[in-house]
Amino acid sequence: MLDATSQRSLPLAPGIGYKPQHFAEILRDSGPVRWLEIHAENYMGDGGRPIAQLRHLVERFPISVHGVGLSIGGEAPLDAEHLARLRHLVDWLNPASFSEHLAWSSHEAAFLNDLLPLPYTQATLTRVADHIDQLQEALGRQMLLENPSTYLAFAESEMEETDFLREIAQRTGCGLLLDINNVFVSCTNQKLDPRGYIADFPLDLVGEVHLGGHDEQEDEHGAPLLIDSHGAEVVDPVWTLYAETIAAMGPRPSLIEWDTDVPEWPVLAAEAERAAHILAQVAP
Amino acid sequence: MSVGQAEFRAAIFDPARDVPDGLVDPEGRPAGKRFDVYRNNVVVSLCNALAEAFPVIQKLLGAHNFGILAGHFVRQHPPSSPLIAHYGSALPGFLEGFAPVQNLGYLPDIARLELALRRAYHAANSTPADATALQAMPPERLLVTRFTLAPSVQLVASDWPIAAIWRFNAEDGPKPEMRAETALLTRPEFDPVLTALTPAGGVFVEALRNGQSLGEALEAAAAIEPEFDLSPAFSALVSGGAITEISEDPLP
């Protein structure tokens with residue numbers, strides 16, 4: 001077992017968002033997949049199969065714990081019970097990484113089960129930074145904050161998302177999780193240049209990269225409206241943007257996310273192989 | 001111009017409400033359909049969570065009707081916690097008051113059973129006690145024995161044959177016959193096991209779980225079923241690994 005002081009880090013290699021249906025295949029031969037990411041909220045039961053599987057997996061793979069329910073951007077104080085559950089999970093699992101989202105999902109005792117957008121203002125900055133301070137203190141470790149997929153903007157926003165994220169990281173000491181698909185989705189939806197976004201992003205703070213699939217729609221004016229679905233293969237323009245970003249910042253732990261209509265393991269392994277190929281072209 | 005989260009949330013759950021002013025597209029126009037993406041994400045993801053959690057309710061109603069019911073439910077009872085695996089504890093009560101399903105009197109109890117299945121699935125692990133010691137025990141000592149039951153043990157009492165209805169729909173079991181059943185769930189390892197008990201069998205297990213002795217539990221069961229036979233319930237507990245501690249009262 002790991003001792004309390006050893007905090008493993010994620011390898012500069014492909015990982016996969018873990019789904020229980022792939023348990024046996026992953027243990028038999030994980031192919032190019034070197035680490036796994038779990039959604040924290042799926043492992044907060046008292047026992048049973050999910051916890052038992054996770055205990056097996058953590059013996060074999062570095063694990064990244066990805067929270068999807070803390071509502072870091074919420075106007076209300078962080079949910080103390082949920083914070084305690086996260087702390088319990090991180091304490092026993094001692095994962096290689098912990099990450100959460102720049103978003104909100106709870107309001108007045110209702111959890112909306114989606115990552116909802118925030119206005120980029122000084123007030124939001126102060127609130128999010130306070131929440132991250134509180135979280136990092138509770139977990140006793142640095143967290144990574146993920147850039148969101150957005151479908152609309154707030155007229156009240158005062159700064160760019162990249163500046164907002166940089167400022168949050170400077171104030172709190174948190175690292176950043178760069179979701180390349182989210183960059184592509186948000187920039188398309190916000191009529192911004194994804195390459196410009198990456199150029200403005202504080203790449204030196206990136207501890208992990210996400211790659212996933214999206215759906216294409218149009219808004220009522222005929223403008224493209226991309227929906228972050230995590231239900232399809234990564235599209236070529238996102239792979240290109242990923243390769244360019246990796247070339248610019250060096251290799252990073254890179255996750256394939258596929259959460260809806262989850263395919264058979266070989267499909268995921270092939271996506272991971274593609275990431276491995278791109279990572280191999282860049283010296284660490 | 002500032003859009004608060006209360007206003008955002010209210011508009012998410014009420015499609016008739018205007019999109020809040022101050023949410024815009026890249027040209028500065030009102031967000032329109034872009035806001036509907038969030039409305040759709042929230043409602044569809046919660047409806048999907050319910051469908052996953054209540055597969056037999058969905059089968060009994062059909063996917064279309066279940067979708068309509070779920071749409072009403074998620075707007076009236078959004079989750080109170082991010083633990084989506086436990087979402088829907090308010091569904092049985094909601095079904096009791098939802099006019100279009102009043103003819104299906106067993107639905108609320110089936111929903112209670114599906115909730116109990118998830119509680120059993122996620123309950124803490126436990127180690128069964130060695131029940132072979134009981135075989136050698138004289139009856140007078142057995143009657144004063146008390147048992148601790150595993151955290152995964154669940155009971156759902158009903159006026160309907162809920163275990164049979166669940167099996168008929170989830171496992172192609174035989175056609176249910178009208179009678180009252182108490183569903184007992186045990187979890188030998190990771191998968192909950194369903195046993196149909198008579199109402200007296202349910203009372204018996206409930207009494208044991210509350211710390212009453214075997215004799216007291218038998219008395220409670222016999223009060224509603226004079227010919228009560230403990231063996232179906234007791235063997236389900238033993239084979240389900242549901243007894244974690246055996247203790248004896250000091251003999252008088």
Side-chain angles (χ1 to χ4, degrees), chain A residues 39-53 67-71 73-76 79 81-82 85 104-119 121 123 149-157 189-192 217-221 223 225 227-229 260, chain B residues 1-10 12-13 19-46 48-49 74 77-87 118-126 151-152 187 189-192:
Chain A
H39 286 177
E41 284 72 14
N42 292 341
Y43 297 89
M44 290 181 167
D46 293 326
R49 182 177 283 115
I51 305 283
Q53 287 192 343
V68 295
L70 187 60
S71 197
E75 286 169 6
D79 175 349
E81 279 178 32
H82 198 58
R85 287 190 286 258
W104 65 280
S105 49
S106 294
H107 187 73
E108 285 167 2
F111 175 68
L112 281 74
N113 203 31
D114 193 30
L115 300 164
L116 301 167
L118 292 165
T121 62
S149 277
T150 57
Y151 309 116
L152 51 73
F154 288 74
E156 67 200 275
S157 280
N189 293 341
Q190 308 286 356
K191 235 178 153 181
L192 298 169
Q217 296 182 17
E218 282 185 355
D219 74 4
E220 59 270 56
H221 307 291
L225 180 54
I227 317 289
D228 181 30
S229 65
T260 56
Chain B
M1 207 47 155
S2 150
V3 181
Q5 291 174 359
E7 189 187 359
F8 200 108
R9 174 199 154 169
I12 286 277
F13 282 125
V19 175
D21 275 346
L23 301 179
V24 295
D25 80 356
E27 316 295 344
R29 294 173 296 205
K33 190 177 166 186
R34 292 158 179 270
F35 187 77
D36 293 340
V37 176
Y38 294 108
R39 277 180 166 144
N40 189 61
N41 282 355
V42 169
V43 172
V44 170
S45 75
L46 293 177
N48 287 347
V74 303
H77 301 277
S80 56
S81 119
L83 303 189
I84 287 297
H86 296 286
Y87 180 43
R118 274 187 290 156
R119 281 197 300 275
Y121 185 77
H122 291 287
N125 300 350
S126 53
S152 54
R187 200 189 80 200
E189 194 185 11
F190 294 134
D191 294 307

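Order of the sequence lines fixes the chain letters, A, B, ..., with proteins taken first and strands second; residue numbering starts at 1 for each chain. The analysis underlying the following values was restricted to heavy atoms, covering all of them including side chains, and did not include hydrogens, waters or symmetry mates.
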Nearest-0.5 Å distance that lies between atom [atom1] in [X] and atom [atom2] in [Y]:
X	Y	atom1	atom2	value
A:His221	B:Arg29	NE2	CZ	4.0 Å
A:Glu75	B:Gln5	CD	CD	4.0 Å
B:Arg34	A:Gln190	CZ	CD	7.0 Å
B:Asn41	A:Ile227	CG	CD1	7.0 Å

Taking the side chain as every heavy atom from C-beta outward, state whether [X] and [Y] have any atom pair closer than 4.5 Å.
X	Y	answer
B:Tyr38	A:Leu152	yes
A:Pro50	B:His122	yes
A:Asp114	B:Arg39	no
A:Phe154	B:Leu23	yes
B:Leu83	A:Arg85	yes
B:Ile84	A:Phe111	yes

| Nearest heavy-atom pair of A:Gly69 and B:Pro82: which atoms, and what distance? | O-CG, 3.5 Å
[X] versus chain A, the contacting section by heavy-atom distance below 4.5 Å:
X	result
B:Arg119	neither
B:Glu27	side chain
B:Tyr87	neither

| Can you say whether the rings of B:Phe8 and A:Trp104 are parallel (under 30°), tilted (30 to 60°) or perpendicular (over 60°)? | perpendicular
Heavy-atom pair count under 4.5 Å with chain A, highest-scoring of [options]:
options	result
B:Ala6, B:Ser126, B:Gly4, B:Ser80	B:Ala6
B:Ala120, B:Ser45, B:Ala31, B:Pro151	B:Ser45
B:Ser152, B:Pro20, B:Ala123	B:Ala123
B:Asp36, B:Val42, B:Leu46, B:Ile12	B:Val42

| note | With chain B, the option among A:Gly45, A:Gly48, A:Ala223, A:Ala123 that has the most non-hydrogen atom pairs under 4.5 Å is A:Gly48
| Who among A:Pro117, A:Ser71, A:Ala40 has the most heavy-atom pairs with chain B under 4.5 Å? | A:Pro117
Of the backbone (N, CA, C, O) and the side chain (C-beta and beyond), which part of [X] lies under 4.5 Å from a heavy atom of chain B, both, or neither?
X	value
A:Ala109	backbone
A:Leu192	neither
A:His82	side chain
A:Ser229	neither

| message | So that I can tick it off, tell me whether B:Asp25 and A:Lys191 are bridged by a salt bridge, with the cut-off set at under 4.0 angstrom between side-chain N and carboxylate O. | response | no
| query | For atom CD of A:Glu81, is the number of surrounding heavy atoms from other residues, nucleotides or ligands below 6.0 Å larger than 12? | reply |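 Open: at most 12 neighbouring heavy atoms sit under 6.0 Å from CD of A:Glu81.
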